Amino acid sequence: MGISTSSLYSALAKTVSRPPLPHPCDSTYSPGSDLDLDQNLADPLELLQECREVLRNRPAQLQRAFVQTGHGDGRQTIRVMQWNVLAQALGEGMDSFVQCPMDALNWAERKYLILQEILTYKPDIICLQEVDHYFDMFQPILASLGYQSSFCPKPWSPCLDVENNNGPDGCALFFNHKRFQSLNTTHLRLSAMMLKTNQIAIIAALRCQATGRAFCITVTHLKARSGWEVLRSAQGSDLLRNLRNVAHRIKTEEKAETDIPLIVCGDFNAEPSEDVYRNFATSSLGLDSAYKRLSTDGKTEPPYTTWKIRPSGESCHTLDYVWYSHRAFDVNAVLDFPTAEQIGPNRLPSYNYPSDHLSLVCDFSFKDPTLVS
């Protein structure tokens, strides 16, 4: 399905055909060196239209709506996207989505589905997991739209076991450089029981240009699969400890009177019943889960954030979260999830959705500083 992209000649085609940046697979990629502040930025509406043109023979994009959950200052809204985009090597080589035709996963078109999702919701900050095309797709295209970024690959990425892979997958964090100033970026290799693990995180300290207020945004991806609950709990505790240390350091450097607020995005690979979830919910950092705002009681997570069919059967779970400092931020809106009927009987990924995880998108605004203190 779909059409060949080789005949396209446009801003997007020229962007993705630029020489990719060098990518040292055994190291992190430093932020700031990937964005030419003097370049002419691409038109996001033009790029979105091109995505739709490439995908015109595929089923229509899943229709999702924002649910208003608060009444914060809309003029200073910070829109955050959390998304496990599904590494291309894993989707084609290891994840065994038995109901998804292989041609639905071809990279020539799937990359446009991913871009369409991002361009549709226009996030100010983008937190991604399972990124294995950072240097040849995500970084150059999003840099052309004005995003500064940072990439942290897994030390032992399973993508490297797939033939014709594009390098290791990892976490990537992007932010609109016109809206935020970078203060500090920390790359973590998470520990468990004093041992380094294969899971990672990026903590970026940013200053909001509109308000002058500093905050930390984090992206992480914890250990997958049943049976690893204790390890995930330890990784979460290590992340919370590092968040506490980084926030304290930024508070000292900024001479701030109040604690530096946090937003933590991730594929935790953990249901709300797991210890790692409870540890975040009860942390002294004062974190709450933004997507609980969709529930009628304000205490329940959505029924699913990932839905797929593998040889072992159907898998429908809530694994992805956006945590935030509830004393410092209001949640103004969250993007609702498509229904089972909209997703379809073959579940995800599919011809009209590129990943087995659904994106989470939240609008935040700072609370009045006097209320925070």
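What you see is a predicted model, and the numbers here were worked out from it, not measured in a lab.
For Asp95, the side chain to side chain contact (heavy atoms under 4.5 Å, CB included) partners two or more places apart in sequence, or in a different chain, are Leu86, Leu90, Phe97, Arg310. Take His326 and apply the side chain to side chain contact (heavy atoms under 4.5 Å, CB included) test, not counting sequence neighbours, and it matches Asp288, Tyr324. For the side chain to side chain donor-acceptor pair (under 3.5 Å) test, no residue two or more places apart in sequence or in another chain qualifies with Asn245.
When hydrophobic residues (I, L, V, M, F, W, Y) are linked wherever their side-chain heavy atoms come within less than 4.5 Å, the members clustered with Ile309 are Val98.
Remark: aromatic rings of Tyr291 and Phe337 are close, center separation under 6.0 Å. Between Phe138 and Phe151, the ring center distance fails the sub-6.0 Å criterion. Checked against a 6.0 Å centroid threshold, the rings of His357 and Trp83 do not count as neighbours.
For Thr318 (side chain) and Glu271 (main-chain N/O), no donor-acceptor pair under 3.5 Å exists by modelled atom type.
Evaluation of the salt bridge (Lys or Arg N to Asp or Glu O under 4.0 Å) test over residues 230-247, restricted to residues two or more places apart or in two chains, returns Glu229-Arg232, Arg232-Glu274, Asp238-Arg241.
In this model, no donor atom of one side chain and acceptor atom of the other lie less than 3.5 Å apart for Ser359 and Gln82.
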Without placing hydrogens or testing angles, list every side-chain donor-acceptor pair under 3.5 Å for residues 220-228, not counting sequence neighbours.
residue: Thr220; atom: OG1; partner: Ile200; partner atom: O; Å: 2.9
residue: His221; atom: NE2; partner: Asp267; partner atom: OD2; Å: 3.2
residue: His221; atom: NE2; partner: Asn269; partner atom: ND2; Å: 3.4

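Under the 4.5 Å side-chain criterion, counting only non-hydrogen atoms from C-beta, Leu285 is in contact with Leu240.
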